[in-house]
Amino acid sequence: QVQLVESGGGLVQAGGSLRLSCAASGGTPSDEYMGWFRLIPGKEREFVARIRWTGDKIFYADSVEGRFTISIDNARNTVYLQMNSLKPEDSADYFCVSGVFLWRSLEARMWGQGTQVTVSS
């Protein structure tokens, strides 16, 4: 059974950087896309970024465009989210997902367990 396992969350000061990793264990997800969502307490789940397993069709939410970079390592079945210039409003639980294309987003079919990111001001 394929599972998505995130790592790399933590506490960082505003302006700092973190890199999240998502390893697919037990095989490669059958979905065409991988991506990240985040959940801020009291708010709706928010799409962050997506990428196709071929490394193309990258798309970012407006809120992270220019600061976050999504990438994929097919050999390692791993997706990364490099987060730079972090802001306190980026604090959230970040979830790795696999899914299918959705205009300006991603329809998630499989979810990881999440990793917490806290950005202090």
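Heavy atoms only: backbone and side chains are in, while hydrogens, waters and symmetry mates are out.
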Same hydrophobic cluster for Y33 and I51, using side-chain heavy-atom links shorter than 4.5 Å among ILVMFWY?
no
Step by step, would you call F37 with S105 a side-chain contact (heavy atoms from CB on, under 4.5 Å)?
CA-CA 10 Å; F37 279 78; S105 185; 4.2 Å; yes
Please test R45 against F95 for side-chain contact (heavy atoms from CB on, under 4.5 Å), starting from the C-alpha separation and ending with a verdict.
CA-CA 10 Å; R45 184 181 60 201; F95 296 87; over 6 Å; no
Quick one, D90 with R38, criterion side-chain contact (heavy atoms from CB on, under 4.5 Å). Give me CA distance, side-chain angles, the key distance, then yes/no.
CA-CA 9 Å; D90 292 318; R38 65 187 182 186; 2.9 Å; yes
Without placing hydrogens or testing angles, list every side-chain donor-acceptor pair under 3.5 Å for residues 9-26, not counting sequence neighbours.
from, atom 1, to, atom 2, distance (Å)
S17, OG, N84, OD1, 2.9

Verdict with supporting geometry, D73 and T78, side-chain hydrogen bond (donor to acceptor under 3.5 Å, both in side chains):
CA-CA 5 Å; D73 184 336; T78 300; over 6 Å; no
Tell me the closest heavy-atom pair linking L106 and F101, and the distance in Å.
CD1-N, 4.4 Å
Membership question, hydrophobic clusters at under 4.5 Å side-chain separation (ILVMFWY): are V97 and V79 in the same one?
no
Group every Ile, Leu, Val, Met, Phe, Trp and Tyr by side-chain heavy-atom contacts under 4.5 Å, then state whether M110 and V48 land in the same group.
yes
Applying a strict under-4.5 Å side-chain criterion to I, L, V, M, F, W and Y, I'd like to know whether W36 and Y60 cluster together.
yes
Which atom pair, heavy atoms only, marks the closest approach of C96 to E6?
N-OE2, 2.7 Å
Taking NZ, NE, NH1 and NH2 as the nitrogens, is one of them in R104 or D62 under 4.0 Å from a carboxylate oxygen of the other?
yes
Tell me, with the steps shown, if K57 and E32 meet side-chain contact (heavy atoms from CB on, under 4.5 Å).
CA-CA 10 Å; K57 302 295 185 184; E32 191 178 10; over 6 Å; no
For the student: nearest non-hydrogen atoms of E107 and L102, plus distance
N-CB, 3.7 Å
